[in-house]
Peer 1: 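Would you mind keeping the following structure in view while I ask a few things?
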2 protein chains.
Amino acid sequence: MEKILLVDDEQDILEFIGYNLSKEGYEVITSSNGKEAIKIAQKENPDLIILDVMMPEMDGIEACLELRKIEKLKDTLIIFLSARGEDYSQVAGFDAGADDYISKPIKPRLLVSRVKAILRRKGSSQEEAIDEEGAIRIDREKYLVYKEGEEYSFPKKEFELLALLISKPGKVFTREVILDSVWGGEVVVGDRTIDVHVRKLREKLGDQYIKTIKGVGYKFEA
Amino acid sequence: MEKILLVDDEQDILEFIGYNLSKEGYEVITSSNGKEAIKIAQKENPDLIILDVMMPEMDGIEACLELRKIEKLKDTLIIFLSARGEDYSQVAGFDAGADDYISKPIKPRLLVSRVKAILRRKGSSQEEAIDEEGAIRIDREKYLVYKEGEEYSFPKKEFELLALLISKPGKVFTREVILDSVWGGEVVVGDRTIDVHVRKLREKLGDQYIKTIKGVGYKFEA
DNA sequence: ACATCGTGTTAAGAAAATATTAACAGACAT
DNA sequence: ATGTCTGTTAATATTTTCTTAACACGATGT
């Protein structure tokens, strides 16, 4: 279960966001100010920290800068919450090392989908970081595929398919799972569609990376 | 520790603001009139000067103009303090070279967060100035875009869009994120609106900077 | 050898997403 | 008021991506 640290000086917002995230199965810890949040973060080691930009005493940006100084929290994901879409704080947010931000007023659905997206990104980017040798690497944030130092831009479906296969090298993904994950449950497309996308990937990456397991599915191998 | 020079003819206000800033760890010097303030500023070289607009003898705007004439104080930050509703002073203040503006009655939290924000901005703008490359740079304070030494003034939405994209070069921003950030959460505008603004940016900057990732979003690349 | 099954390959066309242009309304300044 | 600048939209064009159909190929079992 993923742990999320939520920091805002307004109790209402803590409750509102907290409720929505708990409902989705996340473990939520809260704090009402930046200083306290840093202490809690060090103790609890959350997967994600959601920080309000505007807070008394120590605001979100400052807190973020502090958090980034702490070695073990360097890679912790940070999302900013900001009052409006147009102020300086947003940009400064990225300068300070934030990974995403959400503007108020907060819509539950949007919030949840952002949180999911960013946590998924973390999961895969960590695995990617490990295999630094001659193989293939992907960067979800930049939406790029790297092969031997070169970077390539892939169409969405190809990218998602590769991302799925590469997320667990060696594991065989059945056609059913692939369809479900890349195309989404409801969409119905023919079986050849997967083949064609696999072919395009092989064309771009080379045949050796994606292996066919007849009657079962496909897998990625370094 | 950052040094702040506080100038107001009312003793109460000097104490009140002084207390709140000291508590945050700033070194506070005070002065009760414009002429004296200028002398002190030259001697003390503060990082930030907070000037009341309404003062006997030499008012804040006049003092500000004088300060701007002094070479070594050209880049010192100045915040104006003025009574509510004094619209004139706000405009005149910025003309005179102020960096921000706070209206009375003063709320400690707001004051502190403004002060922090503006000092931070100074810090970061210095860093930004360093990376002068062939690419694009923006100055949020001046609301200007620089390309190969030339400076351009962009309309608000275009500026905000560029600022967002440039805030994390390489990162793909989805339409959802862009709308949320540049237009704000509640506002509902069509998807084509983003395209049009992207087009305007490309027209001004050149096509190579903003890249489209179909089905995903846009990104800025140096 | 032949039939069958699962997958590979290709190119064409459909579908989706974005680009472009022009027109219009509102803000703003003169 | 008048003209300029900005932001938005609609309509249309263009581009890229996706999907499909048709056929090829190889493995397997008879």
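Bear in mind the structure is a predicted one, so any value in this text is a computation, not a measurement. A, B, ... follow the sequence lines: proteins, then strands. Residue 1 opens every chain.
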Peer 1: Mind checking what makes salt bridge (Lys or Arg N to Asp or Glu O under 4.0 Å) contact with A/Lys156, not counting sequence neighbours?
Peer 2: none

Peer 1: List in chain and number order the residues that pass ring pair (Phe, Tyr, Trp, His ring centres under 6.0 Å) with B/Phe159, two or more places apart in sequence or in another chain; answer none if no residue qualifies.
Peer 2: B/Tyr143

Peer 1: Please name all residues satisfying side chain to side chain donor-acceptor pair (under 3.5 Å) with B/Lys204, sequence neighbours left out, ordered by chain then number.
Peer 2: B/Glu158

Peer 1: Could you work out, with salt bridge (Lys or Arg N to Asp or Glu O under 4.0 Å) as the rule, every residue matching A/Arg192, not counting sequence neighbours?
Peer 2: A/Asp195

Peer 1: Which residues pass the side chain to side chain donor-acceptor pair (under 3.5 Å) test with A/Ser113, sequence neighbours left out?
Peer 2: none

Peer 1: Using a 4.0 Å heavy-atom cut-off across all strands, classify A/Val196 as base, sugar-phosphate, or nothing.
Peer 2: base

Peer 1: I'd like the 5' and 3' limits of the part of DNA chain D contacted by chain A, with heavy-atom contacts below 4.0 Å.
Peer 2: D/dT17 to D/dG26

Peer 1: Contact list please: residues 211-221 of chain A against DNA chain D, heavy atoms, distance less than 4.0 Å, in numerical order.
Peer 2: A/Lys214

Peer 1: Taking the nucleotide of DNA chain D with the nearest heavy atom to each, does B/Ile194 or A/Thr193 sit closer to the 5' end?
Peer 2: B/Ile194

Peer 1: Taking salt bridge (Lys or Arg N to Asp or Glu O under 4.0 Å) as the test, write out the residues that go with B/Glu150, two or more places apart.
Peer 2: none

Peer 1: Run the salt bridge (Lys or Arg N to Asp or Glu O under 4.0 Å) test against A/Lys23 and tell me which residues pass, sequence neighbours left out.
Peer 2: none

Peer 1: Which residues satisfy the side chain to side chain donor-acceptor pair (under 3.5 Å) test with B/Glu10, sequence neighbours excluded?
Peer 2: none

Peer 1: Could you check A/Asp191 against B/Ser153 and say which one's nearest nucleotide on DNA chain D is further toward the 5' end?
Peer 2: B/Ser153

Peer 1: Does A/Val198 or B/Asp207 map to a spot on DNA chain C nearer the 5' end, using the closest nucleotide for each?
Peer 2: A/Val198

Peer 1: Using 30° and 60° as the class limits, which term best fits the ring planes of B/Phe220 and B/Tyr209: parallel, tilted or perpendicular?
Peer 2: parallel

Peer 1: Taking for each residue the nucleotide of DNA chain C with the nearest heavy atom, is it B/Arg199 or A/Arg175 whose nucleotide lies nearer the 5' end?
Peer 2: A/Arg175

Peer 1: Does a side-chain N-to-carboxylate-O contact under 4.0 Å join A/Glu160 and A/Arg140?
Peer 2: yes

Peer 1: Could you list where the contact with chain A starts and ends along DNA chain C, reading 5' to 3', using a 4.0 Å heavy-atom cut-off?
Peer 2: C/dG6 to C/dT10

Peer 1: Which residue pairs pass the salt bridge (Lys or Arg N to Asp or Glu O under 4.0 Å) test when at least one of the two sits in residues 209-222 of chain A, sequence neighbours left out?
Peer 2: A/Lys211-A/Glu221, A/Lys219-A/Glu221

